[in-house]
Amino acid sequence: MGLKEKIKSNATLKKLVHWSILIPKQTRPRLWIRWFVNPFYHKKGKGALVRRRTRMDVVPWNKFDLGDYSTIEDFSAINNGVGSVIIGDRTKIGLSNTIIGPVTIGNDVRLAQNITLSGLNHNYEDVNLPIHVQGVSTAPIIVENDCWIGANVVAVAGVTIGKHSIVAAGSIVTKNIPPYSVAVGNPARVIKTYNHETKTWEKV
């Protein structure tokens with residue numbers, strides 16, 4: 001049995017390791033993790049940039065990858081505590097975005113401002129317990145290559161936004177968006193798709 005399995009199988013040891021990595025009652029990693037573990041454990045590609053005012057709540061038990069020449073702008077928050085956050089090459093994460101894993105973002109994607117992509121949901125089934133003590137469930141969000149996501153968009157857990165799609169500002173994505181689509185509204189619905197035969201964007 002490896003070290004990882006030993007920790008997982010021993011509740012006391014697991015609690016101790018968790019305490020040593022995360023500040024109690026917070027989702028933030030301890031300073032020693034940020035300084036001495038994350039830079040060596042997580043992948044940051046050539047020319048990739050995380051701005052100084054970005055909140056990086058990144059822990060070593062899930063992946064955080066930032067591709068070549070990609071940027072995360074100031075006032076954003078990245079959290080991989082319950083699922084990996086993987087960002088491709090030449091992708092720009094705009095000001096004040098919140099990304100909570102599991103989230104995978106492809107290459108050449110543009111996220112505008114104040115976008116929330118959260119692969120996490122809080123469980124709430126037991127009405128005799130506070131919601132915050134009932135744990136969480138996750139479902140991955142996938143943003144495929146070449147997408148443009150407008151300001152103030154929210155994408156809920158489990159959705160896929162297909163390749164070369166546009167999601168208009170203020171939209172709430174609750175279902176999958178097919179590749180080569182334009183989606184708007186709350187909930188987001190497809191209003192245009194690209195016809196590869198006529199090479200035009202056509203209204204649905």
Side-chain angles (χ1 to χ4, degrees), residues 4 7-8 14 17-18 20-23 25-30 33-34 37-45 48-51 53-68 70-124 131-132 134-145 147 149 152-163 165 167 171-177 188:
K4 192 174 182 180
I7 292 170
K8 284 184 175 181
K14 184 178 178 181
V17 170
H18 195 270
S20 72
I21 292 173
L22 288 179
I23 300 169
K25 302 189 185 301
Q26 296 187 32
T27 58
R28 305 205 74 178
R30 292 186 183 275
I33 293 290
R34 286 184 282 169
V37 177
N38 287 343
F40 304 101
Y41 185 79
H42 298 297
K43 178 181 172 261
K44 188 176 172 186
L49 180 61
V50 177
R51 299 289 187 190
R53 293 182 178 87
T54 296
R55 176 168 168 167
M56 297 294 294
D57 291 344
V58 174
V59 292
W61 57 73
N62 288 313
K63 284 185 178 181
F64 169 70
D65 292 350
L66 182 62
D68 293 346
S70 291
T71 301
I72 302 175
E73 292 291 354
D74 284 326
F75 312 115
S76 292
I78 308 296
N79 187 310
N80 75 336
V82 295
S84 298
V85 174
I86 299 170
I87 300 169
D89 300 333
R90 301 173 302 279
T91 287
K92 306 298 182 188
I93 308 299
L95 294 165
S96 300
N97 282 212
T98 299
I99 300 174
I100 301 171
V103 173
T104 300
I105 300 172
N107 302 325
D108 301 298
V109 173
R110 293 294 180 270
L111 270 62
Q113 302 79 38
N114 302 308
I115 292 164
T116 298
L117 307 178
S118 178
L120 172 150
N121 277 315
H122 288 274
N123 300 328
Y124 58 88
I131 291 171
H132 71 89
Q134 295 190 49
V136 300
S137 56
T138 61
I141 293 173
I142 300 170
V143 180
E144 296 182 347
N145 296 344
C147 290
I149 313 297
N152 301 301
V153 165
V154 174
V156 303
V159 300
T160 295
I161 299 173
K163 180 179 179 179
S165 288
V167 180
S171 298
I172 311 295
V173 182
T174 61
K175 294 181 180 178
N176 294 345
I177 305 296

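Not measured: the values here are computed from a predicted model.
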Peer 1: So Asn38 and Ile33, do their side chains get closer than 4.5 Å, heavy atoms only?
Peer 2: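 Yes; the side chains approach each other to less than 4.5 Å.
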
Peer 1: Taking all non-hydrogen atoms of both residues into account, name the closest pair between Ile161 and Ile149 and its distance.
Peer 2: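 Scanning both residues, the minimum pair turns out to be CD1-CD1, 3.9 Å.
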
Peer 1: What residues form a side chain to side chain donor-acceptor pair (under 3.5 Å) with Asn121, not counting sequence neighbours?
Peer 2: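 Asn121 satisfies side chain to side chain donor-acceptor pair (under 3.5 Å) with no residue once adjacent residues are dropped.
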
Peer 1: A side-chain contact here means heavy atoms from C-beta on lying under 4.5 Å apart; do Ser165 and Cys147 qualify?
Peer 2: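 Yes - at least one pair of side-chain heavy atoms lies under 4.5 Å apart.
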
Peer 1: Measure the CG-CZ distance between Asn79 and Phe64 for me, rounded to the nearest 0.5 Å.
Peer 2: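 Asn79 atom CG to Phe64 atom CZ measures 11.5 Å (nearest 0.5 Å).
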
Peer 1: With rounding to the nearest 0.5 Å, note down the distance linking OG1 in Thr98 to CD1 in Ile93.
Peer 2: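 Taking OG1 in Thr98 and CD1 in Ile93, the distance rounds to 11.5 Å.
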
Peer 1: Do Pro29 and Arg34 have side chains that get closer than 4.5 Å, going by heavy atoms?
Peer 2: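 Yes. Closest side-chain heavy atoms under 4.5 Å.
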
Peer 1: First locate atom CG of Leu66, then atom CG of Leu49, and finally report the distance between them rounded to the nearest 0.5 Å.
Peer 2: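 Between atom CG of Leu66 and atom CG of Leu49 there are 8.5 Å.
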
Peer 1: I want to check something: taking the side chain as every heavy atom from C-beta on, are Glu73 and Asn97 in contact at a cut-off of under 4.5 Å?
Peer 2: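 SC-SC contact between Glu73 and Asn97 ruled out.
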
Peer 1: With sequence neighbours left out, what residues match Arg110 under side-chain contact (heavy atoms from CB on, under 4.5 Å)?
Peer 2: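 If we apply the side-chain contact (heavy atoms from CB on, under 4.5 Å) test to Arg110, skipping adjacent residues, the hits are Lys92, Trp148.
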
Peer 1: Is the shortest side-chain heavy-atom distance between Ile87 and Ile72 below 4.5 Å?
Peer 2: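 Contact flag for Ile87/Ile72 side chains = yes.
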
Peer 1: I'd like to know whether NZ of Lys175 has more than 12 heavy-atom contacts from other residues, nucleotides or ligands below 6.0 angstrom.
Peer 2: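 No, the 6.0 Å shell around NZ holds no more than 12 heavy atoms from other groups.
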
Peer 1: Extract all donor-acceptor atom pairs below 3.5 Å that involve side chains of residues 138-145 and protein atoms in other chains or at least two apart in sequence.
Peer 2:
residue	atom	partner	partner atom	Å
Glu144	OE1	Lys163	N	2.9
Asn145	OD1	Asn107	N	2.8

Peer 1: Specify the closest pair of heavy atoms between Leu95 and Ser76, including all atoms of both residues, with the distance to one decimal.
Peer 2: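 Where Leu95 meets Ser76 most closely, the heavy atoms are C-OG, 4.0 Å.
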
Peer 1: Kindly give the heavy-atom pair with the smallest separation between Gly88 and Ser70, and that separation in Å.
Peer 2: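 Scanning both residues, the minimum pair turns out to be O-OG, 2.5 Å.
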
Peer 1: At their closest point, which heavy atom of Tyr124 faces which heavy atom of Gln134, and how far apart are they?
Peer 2: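 Closest approach of Tyr124 to Gln134: C-OE1, 3.4 Å.
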
Peer 1: I'd like to check the side-chain contact (heavy atoms from CB on, under 4.5 Å) partners of Asp68; sequence neighbours left out, ordered by chain and number.
Peer 2: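 Scan of Asp68 (side-chain contact (heavy atoms from CB on, under 4.5 Å), adjacent residues dropped) gives Lys46, Asp89.
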
Peer 1: Measuring from His42:NE2 to Ser84:OG, what's the distance to the nearest 0.5 Å?
Peer 2: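 Here the interatomic distance stands at 9.0 Å.
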
Peer 1: How long is the gap from CG on Asp74 to OG1 on Thr54, to the nearest 0.5 Å?
Peer 2: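 One finds 5.5 Å between CG of Asp74 and OG1 of Thr54.
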
Peer 1: Taking side-chain contact (heavy atoms from CB on, under 4.5 Å) as the test, write out the residues that go with Arg55, two or more places apart.
Peer 2: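 Thr27, Arg28, Asp57, Ala77.
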
Peer 1: Taking only residues two or more places apart in sequence or in another chain, which ones pass side-chain contact (heavy atoms from CB on, under 4.5 Å) with Ser171?
Peer 2: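 So Ser171 forms a side-chain contact (heavy atoms from CB on, under 4.5 Å) with Val153, Val167, Ala168, Val184, Ala188.
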
Peer 1: Using the side chain to side chain contact (heavy atoms under 4.5 Å, CB included) rule, pick out the option among Leu117, Val85, Ile86, Asp65 that qualifies with Ile105.
Peer 2: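 Going through Leu117, Val85, Ile86, Asp65 one by one, the side chain to side chain contact (heavy atoms under 4.5 Å, CB included) with Ile105 is satisfied by Leu117 alone.
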
Peer 1: What closest approach, in Å, do Val59 and Asn80 show between heavy atoms, and which atom pair accounts for it?
Peer 2: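 For Val59 and Asn80, the tightest heavy-atom pair comes out as N-OD1, 2.7 Å.
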
Peer 1: State, to 0.1 Å, how close Pro60 and Val37 come at their nearest heavy-atom pair, and which atoms those are.
Peer 2: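 Between these two residues, the closest heavy atoms are CB-CG1, 3.9 Å.
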
